[in-house]
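First up is the structure itself, then whatever we jot down about it.
Letters A, B, ... mirror the listed sequences (proteins, then strands); counts begin at 1.
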Number of protein chains: 2
Amino acid sequence: MLELRLVQGSLLKKVLEAIKDLVTDANFDCSATGFSLQAMDSSHVALVALLLRSEGFEHYRCDRNLSMGMNLNNMAKMLKCAGNDDIITIKADDGSDTVTFMFESPTQDKISDFEMKLMDIDSEHLGIPEAEYHAIVRMPSAEFARICKDLASIGDTVVISVTKEGVKFSTRGDIGTANIVLRQNTTVDKPEEATIIEMNEPVSLTFALRYMNSFTKATPLSNTVTISLSSELPVVVEYKIAEMGYIRFYLAPKIEEDEDETKPQV
Amino acid sequence: MLELRLVQGSLLKKVLEAIKDLVTDANFDCSATGFSLQAMDSSHVALVALLLRSEGFEHYRCDRNLSMGMNLNNMAKMLKCAGNDDIITIKADDGSDTVTFMFESPTQDKISDFEMKLMDIDSEHLGIPEAEYHAIVRMPSAEFARICKDLASIGDTVVISVTKEGVKFSTRGDIGTANIVLRQNTTVDKPEEATIIEMNEPVSLTFALRYMNSFTKATPLSNTVTISLSSELPVVVEYKIAEMGYIRFYLAPKIEEDEDETKPQV
DNA sequence: TTTTGATAAG
DNA sequence: CTTATCAAAA
């Protein structure tokens, strides 16, 4: 028996909007810890890890660990039927091959239940080692989304370079080049507008903008985003989910091309 | 000679937006009673009936009964040229094969007139008998529109079931099932937010969501919608038009399939 | 071109 | 939170 009651149902709606384009099918894992998901994107390049801690739910009952395979597009369709102020309850009976989403309007005048078939998905749950990062950038999530969108109109990849002075996002394409530099800035009115750079070592890594722009679908979940970089390691793009957990995206850097070998794949 | 002056011109704009997708050509009938229309949709499944009473017009001159065949898409195109605050006057000379729409801006600084060719349409004017309904549900029109839209993302048909406790909208599709229950609720701040159920007898009927979602195009005309149900009878979905009349949609129920004959057409 | 979703303003 | 305007997708 599983019954998870989430008062701020819009959180779950946003989570699905954030990952449904990246991952089509995935197992949601329920345990005493919380409601979590770990999955590779369909082309096995990026990894998404979600955690909604049990403490964030108004009611969290999970008699035993349960892994529920869901088609995320279908799940997103159903969650779209919930109002933004609805309370969402996720229910599943032991051994059942369905999951039920119940939506309660704030006034309790409208109660909806949506039942969805579960799927069998074999997933390798990767242990993600805690790593030391050369640099960690924390910045407004909307700013990061804007930069990734803007750069994607020029080129396909972004070079993220961190020095003590700031973080630079660069791209290069047929029509020209672009460089966006954000300097460290902690002296703003609101803390979520700050750009904070923790750097142990300068680092410069290249990533596919296509994936970065998928990650920024999570922007509505948090005002800030944290980008953790180390050479040779996948970047971690993390959006904290207030009071509940996080959604983290991992993406391996591209091996830097030589300057005169631009676009060898074309 | 026909001359109808409607101060709240936006009403006529909304009426045409509401029916132009359902009905392509129709006769508008003018009499001393008012300006009315009755037409089947193009696939002869649904019926729409409109009445704008003469008392609702600032000026209503209709020397003799007149039936004017119009292409509703063309009429809607012209009405889109009227501002939302414009006063609309409909004019036609006896024996003329055209109708003129005149738009006056509130300040009288802009006066437009659009002349449209009339068409010959043979229409059978059906007498619609007043019926006793097993159940009549009155609810916020936006809520009804939201429900029909949400359910259409899951299935093709909706089962509307009324009991004393409330009204249930259910559907079933490839990805799962959905049930939305609205309980009777008269204790709200604003009367237009109430859900009122008048029930003589429980009733449960099935309808094509495609048509329901056409009907909800009339949502901007009224804050509330009335759904009248009887077994064996077409449902009536009515939007009252303030001070003027109504727009009513009629749709025959589908014959309920047996449980084990789901999707016999596949 | 038309319909639907997103976003910004009230 | 609702509505109006605009942009993207079918």
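Within the nucleic acid shown, Lys149(B) comes within 4.0 Å of sugar-phosphate atoms alone, with no base atom in reach, counting heavy atoms only. When heavy atoms are screened at a 4.0 angstrom cut-off, Asp85(A) is found touching the sugar-phosphate backbone but no base atom. Residue contacts for Asp21(B): at a heavy-atom cut-off of 4.0 Å it reaches the sugar-phosphate backbone alone, with no base atom in range.
To the nearest angstrom, P of dT3(C) lies 13 Å from CZ of Arg210(B). Rounded to an integer number of Å, the gap from Asn74(B) CG to dT1(C) P is 15 Å. Here dT3(C) presents its C1' atom at 10 Å from NZ of Lys20(B), a figure rounded to the nearest Å. When rounded to the nearest whole Å, the span between CG of Asn73(B) and P of dT2(C) equals 8 Å. One atom, CG of Asn213(B), and another, P of dT4(C), lie 9 Å apart when rounded to the nearest Å. Atom-to-atom, NZ of Lys14(A) to C1' of dT7(C) comes out at 14 Å; the value is rounded to the nearest Å. Taking atom CG of Asp189(B) as the reference point, atom P of dT2(D) lies 13 Å away to the nearest angstrom. One can place CG of Leu221(B) at 14 Å from P of dT3(D), the figure rounded to the nearest angstrom.
A donor-acceptor contact closer than 3.5 angstrom is absent between the side chains of Tyr250(B) and Ser228(B).
Remark: Tyr239(A) pairs with no residue by the ring pair (Phe, Tyr, Trp, His ring centres under 6.0 Å) rule, at least two apart or across chains.
Note on Glu104(A) versus Arg5(A): salt bridge recorded, some NZ/NE/NH1/NH2 to OD/OE distance being below 4.0 Å. A salt bridge does not link Glu17(B) with Lys217(B): every distance from a Lys NZ or Arg NE/NH1/NH2 to an Asp or Glu carboxylate oxygen is 4.0 Å or more.
Residues Lys80(A) and Lys77(B) both approach DNA chain C. Their nearest nucleotides, taken by heavy-atom distance, put Lys77(B) toward the 5′ side.
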